[in-house]
Amino acid sequence: MGFTMGLNLVLVLAMVATNILSLYHLSSTVQSPKPPSQQPVPDLLLHQLNTIRATIRHLTRHQPPSTTPSPTTPKPSVPLDLLLYSQLSPIASSCHNHPDLLHKYMSYSPYSLCPLDSDLLAESLILHGCHPLPRRRCFSKTPPKPPSSLPHNPFPSSFLDSNVIWNKYPTCRSFSCLAKQNPSLGFDLNNEISKFMTYKTELDLPIPQLLQVAKSANSVIRLGIDIGGATGTFAARMKQYNVTVVTTTMNFNVPNNEVVAMRGLVPLHVPLQHRLPVFDGVVDLVRCGHAVNRWMPLTVMEFLFYDVDRVLRGGGYLWFDHFFSKRVDLDKVFGPLIGKLRYKKVKWAVGNKTDSSGLKNGEVYLTALLQKPV
């Protein structure tokens, strides 16, 4: 209402100013016996006209959109309630930049099962800064058999396969198939059971040694975060020592979150650039696994490091587990970046990365255990 009155007032003023200008030209023509010549417009009048025009442009630019579309206006393809949600939700600040993806994600039959295999759409939105959940008016499918084994014990393949609810991996429709095709990705739980427990090189930090270091420093490890923890093996092992660890993980075409949950653990479905959903200064340990490496943009990595600092308590530990980069970058870029935290170096070991990629690119591994000062 206020906007309409203001705009009407400005339009009236514009008409008055236009009439004054016309009257000025007309009077100049009538009073002069000579043929009319072009008369200069007074500066004051030009200034008033320019002010009115600028005001009209400003008000028009800030005019709220009309709720009644004109006959020539095409009907919007994305529902207005989705666009409204994308601007109101505290975790969806970028959703309005991707309305087509959001609309596709939210398209389903109401009051029925939610579409299966939605992770590809959900993760695409999440990686663009849009966390689209919750869905409205549909129900998620869940595994039929809740886990009953301890998280560090391997499950029988038949138990795992009976809990499969996805079908988006066309070459693998079972965990046993995933374990066979991806032996190093954490799906063969018989192999996972030995991880984090043995010492083979300086790059290894077995859990018993980690806990002994903390004990020697009169520090207690009770709560932890495993960043990029895949299928949750580190969290499963730490649970044996009465340490609660939550795992941040994305699926990326393999069901990491499903496996973490089946092991009785907590998967946090968030990307590396997401603010850790944990309160300030409450975590005793943060582990950065293989997901944190030289392929991350440096700015994203710096934000991550300082968000880790935010959630770590004084005396808590930050563990870089086999962080890989080029040796020259470790010396000139990543090492100095880590050094900005001013943490105490409890362990700092560098070794050559001997696989084909490491040999080709001159890469090294860094395993570092750092303690936040009190």
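We count residues from 1, following the sequence as given.
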Nearest non-hydrogen partners of P267 and N257, listed with the distance: CB-OD1, 3.3 Å
Heavy-atom side-chain proximity of Y241 to L210 below 4.5 angstrom: no
Counting N and O atoms only, with roles assigned by atom type, does the side chain of N256 sit under 3.5 Å from a partner on the main chain of M250, one being a donor and the other an acceptor? yes
L265 side chain reached by T247 side chain, heavy atoms, under 4.5 Å: no
Less than 4.5 Å apart, any side-chain heavy atom of L276 and any of V286? no
Kindly work out whether a path of hydrophobic side-chain contacts (I/L/V/M/F/W/Y, heavy atoms less than 4.5 Å apart) joins L341 to L272. yes
Does any part of the side chain of F320, heavy atoms only, come nearer than 4.5 Å to the side chain of L370, both counted from C-beta? yes
Restricting to non-hydrogen atoms, name the atom on H290 and the atom on N293 that form the minimum distance, rounded to 0.1 Å. O-ND2, 2.6 Å
Are any non-hydrogen side-chain atoms of D321 and T367 less than 4.5 angstrom apart? yes
Is the side chain of K353 donor-acceptor paired with the backbone N or O of F324 at a distance under 3.5 Å, no angle test? no
Identify which one of N242, T244, V243 satisfies the side chain to side chain contact (heavy atoms under 4.5 Å, CB included) criterion when paired with I221. V243
Checking Y365 now: which residues fulfil ring pair (Phe, Tyr, Trp, His ring centres under 6.0 Å) with it, not counting sequence neighbours? H322
Tightest non-hydrogen contact, residues S109 and C138, listed as O-CB, 4.5 Å
Minimum heavy-atom distance R294-E363, with the two atoms named: NE-OE2, 2.6 Å
Non-hydrogen side-chain atoms of L304 and I227 separated by less than 4.5 Å: yes
Considering all heavy atoms of both residues, which atom of F234 and which atom of L285 are nearest to each other, and what is their separation? CZ-CD2, 3.8 Å
Near F139 CZ, under 6.0 Å, is it more than 12 heavy atoms from other residues, nucleotides or ligands? yes
With heavy-atom distances below 4.5 Å as the criterion, would you say the side chains of S219 and R313 are in contact? yes
Sorted by chain and number, sequence neighbours left out, side chain to side chain contact (heavy atoms under 4.5 Å, CB included) with L330 holds for S325, F334, V350, V364, L366
Do you know which two heavy atoms are closest between H274 and P277, and how far apart they sit? ND1-CD, 4.5 Å
Kindly indicate whether the side chain of Y317, heavy atoms from C-beta on, has any atom under 4.5 Å from the side chain of Q371. yes
